[in-house]
Amino acid sequence: MALDKKLIVGNWKMNLDTHEASLYLHKLAGLVKVRRDVEVVLAPTILSLQSLSLQVERRQFKLAVQNLYWRDSGPFTGEVSATQLRGVVDYAIIGHSERRHIFHETDKDVRNKVQAALRNGIKPILCIGETASERTYGETKDVIHDQLIGGLANTTSEELSDITIAYEPVWAIGTGKNASPTDVTDAVLAIRSQVKHLYGATAAKAMRVLYGGSVTADSAGGYLSLDSVDGLLVGGASLDAYMFSEIIKKAHKGSDS
Ligand code: 13P
């Protein structure tokens, strides 16, 4: 584990309108206590970010954008830049498998976005993970290797401390199929060993690595107890404020609430 602090991220994907997002935040705020050993990040749709940033108590929750464009400004119709998001969000989810597979984002796009986030003071959460067929063919470690090299190519070791890696096997996202603790441990160790190779042992140890893929309040505790895992990236189960609060509670060491 990199830090003595767990990171729990709720990725709402394309769900909840601005009104629903505000009601959700109000409800979650009443369910979750501020804890020194847990950092909670909410990733609503881009439309709700501005209003939630005014409503949110930043000691309690941070905000993340689900995607951004890598140029800072210019003729890029429909896109939003890291420069525009600066001050609104603390984190950016980058290279999510839905971006890679549905919107054909390449490793080059991902690396440009990582750089754009960093130069605008936004911490990237870089998502990597293999598809079902890559897993069947035993290519998991190769995919991890390629996506890490692809996403981090222009990143310096100083910048690395602001990057979180999320291991999200594509076959486990939204499918109800959980990666086993052994799958997750193997993948996270492969990630750390690759980062060690690129940046050295200290950087590899210090880097936060999350697991994501069909996490529920029931399965969260098992992943969080893994030594190598620093937190969770939660999709479906983060859409229910009560269920998400239960996941957040699992990340707090003393389970006194
Ligand atoms: P689910 O938790 O719905 O499987 O989604 C995971 C995910 O993609 C989070 O980014």
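All values derive from a computational prediction rather than experimental measurement. One-based numbering, in listed order, for ligands and for the atoms of each.
- Judged by the shortest distance from any of its heavy atoms, Gly213 lies inside the 4.0 Å radius around the atoms of ligand 1.
- Residue contact check: Ser214 has heavy atoms under 4.0 Å from atoms 1 (P), 2 (O), 4 (O) of ligand 1.
- Checked options Asp109, Thr131, Thr106, Asp107; the residue passing with Arg100 is Asp107 (criterion: side-chain hydrogen bond (donor to acceptor under 3.5 Å, both in side chains)).
- Summary of contacts: the protein heavy atom closest to atom 9 (C) of ligand 1 is Glu168 OE2, 2.9 Å.
- Contacts between Asn11 and ligand 1, counted as non-hydrogen atom pairs separated by less than 4.0 Å, involve the side chain only.
- Side-chain contact, Glu39 with Tyr91: a donor N or O sits under 3.5 Å from an acceptor N or O.
- For atom 2 (O) of ligand 1, the nearest non-hydrogen atom of the protein is Gly235 N, 2.9 Å.
- Taking every heavy atom of Gly174 and a limit of under 4.0 angstrom, the matching atoms of ligand 1 come to 1 (P), 3 (O), 4 (O).
- Residues Gln55 and Ser22 bring a donor and an acceptor atom of their side chains to less than 3.5 Å of each other.
- Against a heavy-atom cut-off of under 4.0 Å, Leu233 is close to the following atoms of ligand 1: 9 (C), 10 (O).
- Geometrically, Arg71 does not engage Tyr69 in a cation-pi contact, judged by NZ or CZ lying under 6.0 Å from the ring centre and within 45° of the ring axis.
- For the 3.5 Å distance criterion, the side chains of Thr83 and Asn120 qualify, holding a donor opposite an acceptor.
- Contacts of Asp183 classified as salt bridge (Lys or Arg N to Asp or Glu O under 4.0 Å), with partners at least two apart in sequence or in another chain: Arg135.
- Checked by atom type, the side-chain pair Glu130/Tyr137 shows no donor-acceptor distance below 3.5 Å.
- Among His104, Glu105, Gln66, the single residue meeting the side-chain hydrogen bond (donor to acceptor under 3.5 Å, both in side chains) criterion with Arg99 is Glu105.
- Closest to atom 10 (O) of ligand 1 among all protein heavy atoms lies His96 NE2, 2.9 Å.
- The closest approach between Gly212 and ligand 1 stays at or above 4.0 Å for every heavy atom of the residue.
- At the top of the distance list for atom 5 (O) of ligand 1, counting protein heavy atoms only, stands Lys13 NZ, 3.2 Å.
- Annotation: atom 3 (O) of ligand 1 to nearest protein heavy atom, Gly236 N, 2.8 Å.
- Within the 4.0 Å heavy-atom criterion, the part of Ala172 lying near ligand 1 is the backbone and not the side chain.
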